[in-house]
Amino acid sequence: MNRDKALAIVKEQLTEHRFLHTIGVMETAIKLAEKYGADGKKAELAAIFHDYAKFRPKDEMKEIIISNGMPVELLDYNSELWHAPVGAYLAEKEAGITDCEVLDAIRYHTSGRTGMTLLEKVIYLADYIEPGRHFPGVEEVRELAESSLDKALIKSVQNTIMFLVKKGQPVFPATFHTYNDLLMKTED
């Protein structure tokens, strides 16, 4: 699927603000893919579709999670997590995307997972550091991304965990496992 067609499909599902975010994620993902050796076309497509389900009704997302055998423990955590696996499902069913690497990059862009692929890392990080993002700690992660994808990823996951802890919100177990996995595989 070419860029224009993908963007047209996604634009119908997003607010203008979220569409601009998606463009930023796409541009960032392409740069990170180029820098770290990931497939640029797959990064572009995954970035475009990463928030495809972001504004679907919660009831619809819940039903998709339950009826398609997705981890039901997702339902015990913040619904912000739901749009990633549901988005991968809908990108396949509605947009016809069949590339498993692209779908997994969409699926894990909010929680991460142990053993993340290069493409999954690129999409997770691109979503975190795209130019429209402005929050404490993002500049440090952008700087780390200039020299180490994994170190930038570790810091972004660490920041996410600390943000949730400070808000008194539960942290999805896969996110802890992602942090530990990355930390144990990365040398100083």
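Checked options L149, T178, L32; the residue passing with K121 is L149 (criterion: side-chain contact (heavy atoms from CB on, under 4.5 Å)).
K31 has no carboxylate O lying under 4.0 Å from a charged side-chain N of E34, or vice versa, which leaves the two without a salt bridge. A salt bridge links D104 and R107; the closest N-O separation between the charged side-chain nitrogens and carboxylate oxygens is under 4.0 Å. Look at E94 and R56 and you find a salt bridge, because one of the NZ, NE, NH1 or NH2 atoms lies within 4.0 Å of a carboxylate O, short of that distance.
Judged by distance alone, with hydrogens and angles left aside, the side-chain atoms of S111 form no donor-acceptor pair with the main-chain N or O of T175 at under 3.5 Å. Remark: the backbone N or O of H83 is not paired with any side-chain donor or acceptor of K54 at under 3.5 angstrom. Looking at W82, its side chain never comes within 3.5 Å of a backbone N or O of K62 through a donor-acceptor pair. Side-chain atoms of N68 come within 3.5 Å of backbone N or O of I64 as a donor-acceptor pair. Between the side chain of S156 and the backbone N or O of L153, at least one donor-acceptor pair lies under 3.5 Å.
In this structure, I97 CD1 and L103 CG are separated by 6.5 Å, a value rounded to the nearest 0.5 Å. Within the model, atoms NZ of K41 and CZ of R3 stand 6.5 Å from one another, a figure rounded to the nearest 0.5 Å. A distance of 11.0 Å separates CD1 of I154 from NZ of K185, quoted to the nearest 0.5 Å. Residue L144 holds its CG atom at 8.0 Å from NZ of K151, rounded to the nearest 0.5 Å. Between atom CG of residue D127 and atom OG1 of residue T22 there is a gap of 8.5 Å, rounded to the nearest 0.5 Å. The OH atom of Y179 sits 10.0 Å away from the CG atom of N159 when rounded to the nearest 0.5 Å.
At least one side-chain heavy atom of E139 sits under 4.5 Å from a side-chain heavy atom of R142.
Under the 4.5 Å side-chain contact rule for hydrophobic residues, L45 and I9 share a cluster. Linking ILVMFWY residues whenever their side-chain heavy atoms come closer than 4.5 Å, directly or via other members, places F163 and L125 in the same cluster. A single hydrophobic cluster is seen to contain both L81 and I65, as judged by linkage of ILVMFWY side chains at heavy-atom distances under 4.5 Å, directly or through other members.
The stretch residues 23-72 participates, sequence neighbours left out, in these ring pair (Phe, Tyr, Trp, His ring centres under 6.0 Å) pairs: H21-H50, F49-Y52, H50-H109.
Y77 meets the ring pair (Phe, Tyr, Trp, His ring centres under 6.0 Å) test with F172; sequence neighbours excluded.
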